[in-house]
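Report on the structure given below.
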Amino acid sequence: MLDLALVAFIGVFLALGLKRPFFWVLAYIYIDVVAPQKIGWGFIQSLPVSLVAFAAAFAGWLFLDSKEGSRFGARQALIAILLMWCGVTTLGAAFPAEAALKWSWVWKALVFAMFLPLTLRTRLRIEAAALVMVLSIATIVINGGIKTALGGGGYGTLSLLVRENAGLYEGSILSTAAIATIPLALWLARHGTIFKPDWRVYGFVAGLVFACLLIPVGTAARTGLICAAVLAVLLLRSVRYRFVYAGIAALALVAAIPFLPQSFTQRMGTITEYQGDESASTRVQVWMWTLDYVKEHPFGGGFDAYLGNSFTYQTHKVVGEGSNVTVESKEVTDKARAYHSSYFEMLGEQGWLGLVLWLVLHALGVWQMERIRWRFGKRNGGNRSWQWGLASALQQSQIVYMVGALFVGIAYQPFIFMLVGLQCALWSYVQRTESAPIKARFKRAGEAKTLPAAS
């Protein structure tokens, strides 16, 4: 029954595309984020729903959709260069079979990120894409939030829609994505036109934000706690009453602490004690190994090059209380450990060139969103415009991601590249709509000069 329901929902989505091909783009966003083919138990797992939606999205735009207003910008060109470089490193990868497996989904994430802005030509389409992204994440987050609120969860034990610990269903990755979704959800609540702001929208968004904040608790992901703290600081730039916001946030934090599970508070307490935590110590050792690796392989080792690492290190843990305290040391030997950092993931797999391309791509996004904020913010009432609000939300989401990426290997995460696609679309839309009136004035002035003098 579950398989039939999921297939029927996807079928309706695809059928709507026969009249409006843009629905196929939205269908792929939903499928790529939620992965409904993995939620089912039977025949849906064998259906190539992702490939069908991917092909339909491109074919629909290419043959049926209007191209007016579509632009290929500088950041899309950077993604294209990064895509080609990833292809080159995959051909010479240190572990060809594993690299080919990762390449099979990375190339789709990069190609779709380049393609998405070409389809988002209007405000309605930009909003629709943002809405589907938020609701797709909400499908996972609300499920996890309810289970956390009812006492479930724990490190590596929170049961979500899919029985696997990969992609958006991995605790730290989901925590980062959930916190990064909050600014977009708040923007939709304020400026949405598909679901116009009223008490129902505000109530749903409030519940979704609460569920997003519960995900780091339910997964006991330290990365999620750091991302939530960063977002709380970033929101100070956008809220109207900053002191009131800061006071309410501080009060909510103090009130929430007694209700947090002990397993969560104990794990959060290890953030500053990496030498006593084997997981954190391993990350540091992997990062040191990666720096040594790129000295010999400056162009990287291709996808999953970390499989070649091996190291031995010491962990130190303080045991006891008061005057009866001892320090326990333990020697740990480990190998083939993942990078646990997007920055070192890019460095180890794509070398210095790949890391620079990736950093410039994201730095340009922060800069472009700041330019839009500045352009509309200097106008009277401009900071209440939907463009200013969306630029702020996308910038906040990206910065949260970049902070979370310090501790999680999500350099190629499709959801994040969809955010990049939204940024490119908003930048292109603002450039096009803001320059059009100026060009029109110059055109009218030129025509006036060519008119014959009145007799």
Under the rule for side chain to side chain contact (heavy atoms under 4.5 Å, CB included), what residues qualify as partners of A113, not counting sequence neighbours? I79, F417
T223: partners by side-chain hydrogen bond (donor to acceptor under 3.5 Å, both in side chains), with sequence neighbours left out: none
Let me have the donor-acceptor pairs involving side chains of residues 7-28, under 3.5 Å, with sequence neighbours excluded, atom names and distances please.
residue: W24; atom: NE1; partner: L14; partner atom: O; Å: 2.7

Distance flag, aromatic centroids of Y429 and W386, threshold under 6.0 Å: yes
Stacked cation flag K108 on W103, 6.0 angstrom / 45 deg: no
State plainly whether the residues R375 and E370 are in salt-bridge range, i.e. N to O under 4.0 Å. no
Ring pair (Phe, Tyr, Trp, His ring centres under 6.0 Å): which pairs involve residues 200-222, sequence neighbours left out? none
Pairs satisfying side chain to side chain donor-acceptor pair (under 3.5 Å), at least one member in residues 177-194, at least two apart: E127-T193
Taking side chain to side chain contact (heavy atoms under 4.5 Å, CB included) as the definition, give me every residue that meets it alongside L62, ordered by chain and number, with sequence neighbours left out. none
Scan the side chains in residues 36-58 for donor-acceptor partners under 3.5 Å anywhere in the protein, sequence neighbours excluded, and list what turns up.
residue: K38; atom: NZ; partner: E164; partner atom: OE2; Å: 3.2
residue: Q45; atom: NE2; partner: G40; partner atom: O; Å: 2.7
residue: S46; atom: OG; partner: F43; partner atom: O; Å: 2.7

Taking only distance into account, with no hydrogens and no angle test, what donor-acceptor pairs under 3.5 Å do side-chain atoms of residues 403-414 form with protein atoms, sequence neighbours excluded?
residue: Y412; atom: OH; partner: E349; partner atom: OE1; Å: 3.0
residue: Y412; atom: OH; partner: Q350; partner atom: NE2; Å: 3.3

Who passes side chain to side chain contact (heavy atoms under 4.5 Å, CB included) against W367, sequence neighbours left out? L364, R371, W427
For D3, give me all partners under side-chain hydrogen bond (donor to acceptor under 3.5 Å, both in side chains), at least two apart in sequence or on another chain. none
May I have the list of side-chain donor-acceptor pairs in residues 114-121 shorter than 3.5 Å, sequence neighbours left out?
residue: T119; atom: OG1; partner: L116; partner atom: O; Å: 2.8
residue: R121; atom: NE; partner: S66; partner atom: O; Å: 3.2
residue: R121; atom: NH1; partner: E68; partner atom: O; Å: 3.3

Applying side chain to side chain contact (heavy atoms under 4.5 Å, CB included), name anything that partners T290, two or more places apart in sequence or on another chain. V286, Y339, F344, L347
